[in-house]
Q: 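Dropping a structure here in structure tokens format, bear with me for questions.
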There are 4 protein chains.
Amino acid sequence: MIQLDYQDRRPIYEQIVAGYKTLILSGALEAGEQMPSVRNLAMELSTNPNTVQKAYTELERQKYIYTVKGRGNYISEDNSLLKGEQLKELRGRLKSLLDETDELHIDRAELTKGLL
Amino acid sequence: MIQLDYQDRRPIYEQIVAGYKTLILSGALEAGEQMPSVRNLAMELSTNPNTVQKAYTELERQKYIYTVKGRGNYISEDNSLLKGEQLKELRGRLKSLLDETDELHIDRAELTKGLL
Amino acid sequence: MIQLDYQDRRPIYEQIVAGYKTLILSGALEAGEQMPSVRNLAMELSTNPNTVQKAYTELERQKYIYTVKGRGNYISEDNSLLKGEQLKELRGRLKSLLDETDELHIDRAELTKGLL
Amino acid sequence: MIQLDYQDRRPIYEQIVAGYKTLILSGALEAGEQMPSVRNLAMELSTNPNTVQKAYTELERQKYIYTVKGRGNYISEDNSLLKGEQLKELRGRLKSLLDETDELHIDRAELTKGLL
DNA sequence: GTGGTCTAGACCACA
DNA sequence: GTGGTCTAGACCACA
């Protein structure tokens, strides 16, 4: 189950999206498995159904889940593609992180020391 | 001079803060040098003086500049300390980036390939 | 046999209606032939009987099938008429498609290139 | 100004999206021009600001407009790309229309007579 | 004033 | 029961 952090600057619906993306890509949730219903998840997270709905809509737009009307939401099958996208995003963030480092004339070795 | 990007998702005041941080830490602006006045910078960036004021307040809070009432804003002297902070922040971001990579079972070599 | 696509955005009952319309108009099902019972089709498609019933009601409303109480549903005789309706519908869609094309100042030749 | 049609099966927010897409791609609205504010458009269409917000979010996701926080929404510059997308969508619809026609053994000439 | 998020609650189509 | 849309109204960050 995902955890909301009200101290987090990100809006609630984004935290839900990010949480489920990780659960799906890490394999914790299997393809075809049913997502909790909008109302149930809203109850569990003690938030509003509209907020969960917004998160689910975004997850569907990004192909992490798909909706069957009147039935519910299900995990998509084609994870491999999504993992590629995710890798691309991470590489983009690493790239800009390195750019900033260079711009400040900080040695990259200092940046990565003990981490990599 | 810094450049605003209206397509950028970050609010304008944050772009101003980030831009000046880089200018200061990279040495493009020297310690003791005077910042442009709030009104002038607002004119140059064609943005709202409130926005520039907000950016200056944030830069002062983070000790990048200091204010002399009635005279203006000046670049702080103690850059070395700030650079340490900046390094710490960059390392924090790298850390969480690597955490996410691991969580998705992505090989770190794949992440850094061609970048590092 | 028709095939449901749960990734399809259309509701299931509409997919059933569209599927049988095609089967009937293309001649794959002959006039007078009996339709599968509501329960059987629901089982085969592993969907809800209510959904199949809704589809059959719609097919009957459009005169593709007719119901004999206590016996079942049968393909209608007067296909020629239905085919005319279908043609009219297709022409309507083509019309609005061309209208949109014109409105966007897109050349019709570009639209149909390689298709027609 | 766009026109809402309450008989239309499409939800209100989709009608707003479709309406502005046409206005933008047809050149009726110029690049860089400011969109009406969320609240103003909601008043004019006598609908709820949330509904307009939803439409604007979708238009931004599709790059038709971009948002500057605290300022408003503006028409994007790169229309040419969007027009290509739109053409692709229209061609897709024409393709499936022709497929249906063939499947019903209807002569394509009958379909296009007097239209093309 | 501008957009963005969220809640509470209603209503609808669909299965 | 399931998702989807919409309203009314509030609160916040930002310019």
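As the structure is a prediction and not an experimental result, all values here were calculated from the model. Each chain gets a letter, A, B and so on, in the order its sequence line appears, and its residues count up from 1.
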Q: Among dG3(F), dT5(F), dG4(E), which nucleotide has an atom closest to any side-chain atom of Thr67(A)?
A: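 Among dG3(F), dT5(F), dG4(E), the one nearest the side chain of Thr67(A) is dG3(F).
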
Q: It should be established whether Gln53(D) places a side-chain nitrogen or oxygen under 4.0 Å from OP1 or OP2 of nucleotide dG3(E).
A: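 No, Gln53(D) has no side-chain N/O under 4.0 Å of OP1/OP2 on dG3(E).
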
Q: To the nearest angstrom, how far is Leu4(A) atom CG from dC6(E) atom C1'?
A: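 That distance rounds to 13 Å.
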
Q: Can you tell me if the side-chain N/O atoms of Tyr56(A) get under 4.0 Å from OP1 or OP2 in dG3(F)?
A: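 For dG3(F), OP1/OP2 do not have a side-chain N/O of Tyr56(A) under 4.0 Å.
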
Q: What does Thr47(A) touch in the nucleic acid at a heavy-atom separation under 4.0 angstrom: a base, only the sugar-phosphate, or nothing?
A: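 Sugar-phosphate, no base atom in range.
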
Q: With DNA chain F as reference, determine whether Arg10(B) or Pro49(D) sits nearer its 5' end, using the nearest nucleotide of each.
A: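 This one resolves to Pro49(D).
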
Q: How is the base pairing of DNA chain E summarised as a dot-bracket string, given the Watson-Crick and G-U wobble criteria with both distances under 3.5 Å, [ ] for crossing and | for another strand?
A: ||||||||||||||.

Q: From the set dT5(E), dC14(F), dT2(E), return the single nucleotide nearest to any side-chain atom of Pro11(B).
A: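 Closest nucleotide to the Pro11(B) side chain: dC14(F).
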
Q: Search all heavy atoms of Glu77(D) against all heavy atoms of Ala31(D) and return the closest pair with its distance.
A: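 Minimum heavy-atom contact is OE1-CB, 3.6 Å.
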
Q: Can Arg91(D) and Glu85(D) be counted as an ion pair, charged N to O under 4.0 angstrom?
A: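 Looking at Glu85(D) together with Arg91(D), the answer is no, because their closest N to O distance does not fall below 4.0 Å.
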
Q: Taking NZ, NE, NH1 and NH2 as the nitrogens, is one of them in Lys63(B) or Glu58(B) under 4.0 Å from a carboxylate oxygen of the other?
A: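 Salt bridge: no.
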
Q: What integer distance in Å separates Tyr6(D):OH from dT5(F):P?
A: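 The answer, rounded to whole Å, is 16 Å.
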
Q: Do Glu14(B) and Arg9(A) pass the salt bridge (charged side-chain N to carboxylate O under 4.0 Å, His left out) test, and can you show the C-alpha distance, the side-chain angles, and the key distance before you say yes or no?
A: CA-CA 15 Å; Glu14(B) 271 192 28; Arg9(A) 289 186 46 157; 3.6 Å; yes

Q: Looking only at side-chain atoms of Ile12(B), point me to the closest of dC6(F), dA15(F), dT2(E).
A: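 From the listed options, dA15(F) comes nearest.
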
Q: Go through the N and O atoms of the side chain of Asn40(A) and the base of dG1(F), and report whether any donor-acceptor pair is under 3.5 Å.
A: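 Flag unset: no donor-acceptor pair detected.
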
Q: For Ile16(A) and dG3(F), give me the distance from atom CD1 to atom P, rounded to whole Å.
A: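 The answer, rounded to whole Å, is 13 Å.
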
Q: Confirm from the modelled atom types if Arg39(A) and dG3(F) form a donor-acceptor pair under 3.5 Å, side chain to base only.
A: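 It does, because a donor-acceptor pair links the side chain of Arg39(A) to the base of dG3(F) below 3.5 Å.
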
Q: From NZ of Lys54(A) over to P of dC6(F), roughly how many Å is that when rounded to an integer?
A: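 Taking NZ of Lys54(A) and P of dC6(F), I get 15 Å after rounding.
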
Q: Side chain to side chain contact (heavy atoms under 4.5 Å, CB included) for Leu4(D) and Tyr6(D)? Distances and angles first, verdict last.
A: CA-CA 6 Å; Leu4(D) 294 186; Tyr6(D) 287 99; 3.9 Å; yes

Q: Is there a side-chain polar atom (N or O) of Asn73(D) under 4.0 Å from OP1 or OP2 of dT2(E)?
A: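 Checking Asn73(D) against dT2(E): no side-chain N or O falls below 4.0 Å of OP1 or OP2.
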
Q: Return the 5'-most residue of the pair Arg9(A), Thr57(A) with respect to DNA chain F, ranking by each residue's nearest nucleotide.
A: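 On the 5' side of the pair lies Thr57(A).
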
Q: Between C1' on dC12(E) and NZ on Lys69(A), what's the gap in Å once rounded to a whole number?
A: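 Roughly 11 Å, once rounded to whole Å.
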
Q: Less than 4.0 Å between a side-chain N and a carboxylate O, is that true for Arg93(C) and Glu89(C)?
A: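 Yes, Glu89(C) and Arg93(C) are salt-bridged.
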
Q: Report the distance from atom CD of Glu14(A) to atom C1' of dT5(E), rounded to the nearest whole Å.
A: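 Interatomic distance, CD of Glu14(A) to C1' of dT5(E): 11 Å.
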
Q: Expressed as a whole number of angstroms, how long is the span from Glu60(A):CD to dT2(F):P?
A: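 The answer, rounded to whole Å, is 17 Å.
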
Q: How many Å lie between OH on Tyr66(D) and P on dT2(E), as a whole number?
A: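 Checked: the OH to P distance equals 16 Å.
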
Q: Does a side-chain N or O of Tyr13(D) approach OP1 or OP2 of dT5(F) to a distance below 4.0 Å, or not?
A: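 Affirmative; the distance criterion is met.
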
Q: For the residue pair Gln15(B) and Asp5(B), establish whether any side-chain heavy-atom pair is separated by less than 4.5 Å.
A: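 Yes, their side chains come closer than 4.5 Å.
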
Q: Which is more 5' along DNA chain E, the nucleotide nearest Asn50(A) or the one nearest Thr51(C)? Just name the residue.
A: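 Looking at DNA chain E, the more 5' nearest nucleotide goes with Asn50(A).
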
Q: Start at the 5' end of DNA chain E and walk down; is the nucleotide closest to Ser46(A) or to Asn48(C) reached first?
A: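 Whichever sits nearer the 5' end wins; that is Ser46(A).
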
Q: Start with the C-alpha gap between Ile75(B) and Met35(B), add the side-chain angles, then the distance that decides, and say whether side chain to side chain contact (heavy atoms under 4.5 Å, CB included) holds.
A: CA-CA 7 Å; Ile75(B) 314 285; Met35(B) 295 281 285; 3.5 Å; yes

